[in-house]
Protein chains: 4
Amino acid sequence: MQLFAERGYQDVSVNDIASLARVGKGTIYTYFSEKEEILEACVSFIFRSFVEGIKKALRQSKDVESFLDTFVDTFLVDVHINSRVLFAFHRRVHKDKKKYECVSGEYRKMMESFYNKYRGEIKVDFKSMYALFTSFLMASYLAYESMEPELLKGVVKKGLFYSITSSPK
Amino acid sequence: MQLFAERGYQDVSVNDIASLARVGKGTIYTYFSEKEEILEACVSFIFRSFVEGIKKALRQSKDVESFLDTFVDTFLVDVHINSRVLFAFHRRVHKDKKKYECVSGEYRKMMESFYNKYRGEIKVDFKSMYALFTSFLMASYLAYESMEPELLKGVVKKGLFYSITSSPK
Amino acid sequence: MQLFAERGYQDVSVNDIASLARVGKGTIYTYFSEKEEILEACVSFIFRSFVEGIKKALRQSKDVESFLDTFVDTFLVDVHINSRVLFAFHRRVHKDKKKYECVSGEYRKMMESFYNKYRGEIKVDFKSMYALFTSFLMASYLAYESMEPELLKGVVKKGLFYSITSSPK
Amino acid sequence: MQLFAERGYQDVSVNDIASLARVGKGTIYTYFSEKEEILEACVSFIFRSFVEGIKKALRQSKDVESFLDTFVDTFLVDVHINSRVLFAFHRRVHKDKKKYECVSGEYRKMMESFYNKYRGEIKVDFKSMYALFTSFLMASYLAYESMEPELLKGVVKKGLFYSITSSPK
DNA sequence: AATGAATGAGTGTTCATTCAT
DNA sequence: TATGAATGAACACTCATTCAT
């Protein structure tokens with residue numbers, strides 16, 4: 001994850017990974033059948049942490065606002081690394097919907113739980129809401145390096161709240 | 001631009017570009033001294049269109065809201081291609097601030113004009129405002145494929161308006 | 001000649017030649033059908049100057065020693081450039097005896113005149129004498145940069161005189 | 001060495017080397033980090049053999065003449081290949097004195113030992129002597145193909161002896 | 001006659017992947 | 001199971017040569 005975050009997918013060689021992991025290059029292929037699988041594993045790991053974040057937020061929240069409060073805090077932990085890895089992945093599997101769904105399936109399901117739980121408050125359809133979450137959260141990576149963390153959190157929280165609860169008229 | 005948008009920088013070979021352009025590989029090097037220069041030219045082209053958009057929006061606007069109204073419409077033309085190319089570029093020149101400033105300089109200046117013109121309404125500092133524009137606009141790429149264009153425009157306009165004019169408290 | 005002397009054959013591009021000559025690249029091909037012909041023309045030019053040198057030396061000399069005195073002086077003019085060009089050529093046409101004989105034919109004939117004129121003094125066969133001239137003169141390039149010109153001339157004159165007039169026993 | 005000797009540096013591709021060595025092109029890069037390093041390795045190998053030759057000659061000799069007798073015999077072994085490789089190298093690193101000194105350093109030191117041991121007999125300064133050795137020995141390559149080996153050896157031995165022991169007046 | 005834009009074969013080099021040990 | 005030497009397809013880039021103007 002460290003390497004993919006620092007340099008993206010293409011600029012990291014299997015050798016780099018093996019070196020950092022202090023194993024032989026061949027050993028990598030005992031556990032992954034190709035380089036892309038390593039990236040997938042990283043992304044799965046990240047999505048699992050998102051799932052945990054949503055679970056926790058769902059448990060502790062009583063409305064969309066309090067959900068976002070907990071979730072965004074969780075999400076923005078490690079945003080520096082996570083989002084870069086996700087970008088690398090996004091670019092990479094762009095057309096291979098299957099692969100994407102495979103690693104993000106559980107996350108999507110949790111988002112559905114959230115959608116269903118607060119269906120009353122949410123004014124956009126699920127697809128749009130999902131897209132808005134993705135967009136806002138990804139965008140926070142781009143802004144991350146130039147903005148105060150607290151300001152960023154505020155913007156993301158309010159921005160998300162605003163866009164999914166206002167009726168688009 | 002088409003190729004960089006579809007596949008990013010690394011997954012496009014100079015040969016691919018030459019083939020699509022129906023010229024010989026060598027011909028490319030008559031006009032660009034290295035592959036990266038092609039990407040830079042694309043990005044410069046995009047930024048020039050942004051600059052035009054801002055100029056027009058500044059001329060026609062009388063407040064932040066009307067500015068955003070015009071600007072976002074202009075910006076979201078070709079967002080499909082533009083933002084992917086910008087992403088490819090972003091990843092690529094990430095650390096080479098010089099190169100980035102070189103192509104985005106004029107755009108930044110126009111944003112400064114906007115900032116100065118409506119300084120009264122805008123509640124965040126310039127750096128944050130710039131980061132927010134970048135983030136929102138980039139993020140619209142990610143959302144673009146899953147959302148209704150009109151819905152997206154609305155979200156971006158309101159989201160931007162909201163995040164730069166609310167005091168972060 | 002300047003370029004070939006400075007950089008050898010391969011490190012000089014047709015473009016370099018055209019630029020230095022202040023003509024278009026295409027113009028080169030009006031006068032030479034391929035790059036190698038340019039080198040050949042240079043070498044022909046050099047050999048013609050050698051031929052002149054031998055002619056003059058033959059006219060003015062009455063024995064091997066006085067011949068060498070005149071010839072070596074003539075030869076070592078421009079040795080810096082000439083020998084580098086000849087080296088470039090030598091390497092290049094190494095196996096193509098035809099090409100070599102073509103440009104050096106007249107020079108060889110003059111050497112034969114010299115050989116025949118002073119056959120009494122010369123103790124090696126023509127082939128060896130020819131090889132020794134070539135060797136000594138070429139070698140002077142390698143020594144040229146580290147030795148006093150006058151010392152070099154002395155060594156070449158005496159070395160040549162010695163090696164062709166001593167009987168090899 | 002065979003390929004560099006036959007065709008020089010530029011006309012040998014890494015592919016040619018790999019093919020002749022019956023290994024994959026990539027394998028070459030496991031052992032050499034760039035093409036030039038291969039040439040350097042060849043030249044180092046040759047210089048090591050020269051160093052051995054001088055050591056042996058110094059051990060067995062009691063004057064300049066007997067030194068040359070042993071040394072030239074050693075030197076002219078493989079002259080066919082060695083000198084062509086050295087020429088390729090000479091042209092190549094011509095301006096990069098560092099690289100040249102790096103591979104020829106030990107050889108130069110041995111020549112200094114020789115110079116110091118027989119300082120009484122030698123009439124030129126070290127630099128000139130070194131240049132003369134280089135020139136004569138290199139020149140023997142050019143003559144090699146047209147002269148009887150024994151005749152050549154004789155010429156080189158006597159030529160060298162003569163040029164370094166006669167006072168240049 | 002002079003040009004230089006266009007070309008593509010050829011180069012050095014990288015790197016994901018394989019496989020014998 | 002762990003390894004890294006070996007591999008060759010693929011890449012960015014160069015340059016002698018052509019040819020329409």
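The sequence lines fix the lettering, A, B, ..., with proteins before strands; numbering per chain opens at 1.
Within 4.0 Å of A:Phe32, counting heavy atoms only, lies no atom of the nucleic acid at all. C:Ser13 comes within 4.0 angstrom of the backbone, heavy atoms only, and of no base.
Bracketed by its first and final contacts, the part of DNA chain E lying under 4.0 Å from non-hydrogen atoms of chain B reaches from E:dA5 to E:dG10 in 5' to 3' order.
Looking at A:Tyr31, its side chain never comes within 3.5 Å of a backbone N or O of A:Ile38 through a donor-acceptor pair. Judged by distance alone, the side chain of C:Lys99 and the main-chain N or O of C:Glu40 form no donor-acceptor pair under 3.5 Å. Judged by distance alone, with hydrogens and angles left aside, the side-chain atoms of C:Tyr100 form no donor-acceptor pair with the main-chain N or O of C:Phe89 at under 3.5 Å.
Side chains of B:Met1 and B:Phe4 form no contact here, defined as non-hydrogen atoms less than 4.5 Å apart. Two residues are said to be in side-chain contact when any heavy atoms from C-beta on lie closer than 4.5 Å; B:Asp11 and A:Gln10 meet this criterion. At least one side-chain heavy atom of C:Val85 sits less than 4.5 Å from a side-chain heavy atom of C:Leu39.
Following rounding to the nearest Å, B:Asp11 (CG) and F:dA12 (P) show an atom-to-atom distance of 10 Å. The distance between atom CD of C:Glu36 and atom C1' of F:dC15, rounded to the nearest whole Å, is 16 Å. For B:Ile28 and F:dC11, the CD1 to P distance is 14 Å, given to the nearest whole Å.
Between A:Glu34 and B:Thr27, the one whose closest nucleotide on DNA chain E sits nearer the 5' end is B:Thr27. Nucleotides of DNA chain F nearest to B:Tyr29 and C:Val12 differ in position, and the one nearer the 5' end is that of B:Tyr29.
Legend: residues meeting ring-ring contact (aromatic ring centres under 6.0 Å, His included) with B:Phe87, ordered by chain and number and at least two apart, are A:Phe87, B:Tyr141. Partners of A:Phe75 under the ring-ring contact (aromatic ring centres under 6.0 Å, His included) rule, at least two apart in sequence or in another chain, are A:Phe50.
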Once pairs are restricted to Watson-Crick or G-U wobble with both distances under 3.5 Å, how does DNA chain F read as a dot-bracket string, [ ] for crossings and | for other-strand pairs?
.||||||||||||||||||||
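Between atom CD1 of residue D:Ile17 and atom NZ of residue D:Lys35 there is a gap of 6.5 Å, rounded to the nearest 0.5 Å.
In the region residues 15-26 of chain B, proximity to DNA chain E at under 4.0 angstrom, judged on heavy atoms, holds for B:Val23, B:Gly24, B:Lys25, B:Gly26.
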Could you go through A:Tyr130 and A:Arg108, starting from their C-alpha distance and side-chain angles, then the distance that decides it, and tell me whether this counts as side chain to side chain contact (heavy atoms under 4.5 Å, CB included)?
CA-CA 8 Å; A:Tyr130 191 76; A:Arg108 192 185 179 91; 3.5 Å; yes
Show me the side-chain donor-acceptor pairs of residues 18-30 of chain A shorter than 3.5 Å, one per line, residues at least two apart or across chains.
from	atom 1	to	atom 2	distance (Å)
A:Ser19	OG	A:Asn15	O	3.0
A:Thr27	OG1	A:Gly24	O	3.4
A:Thr30	OG1	A:Thr27	O	3.2

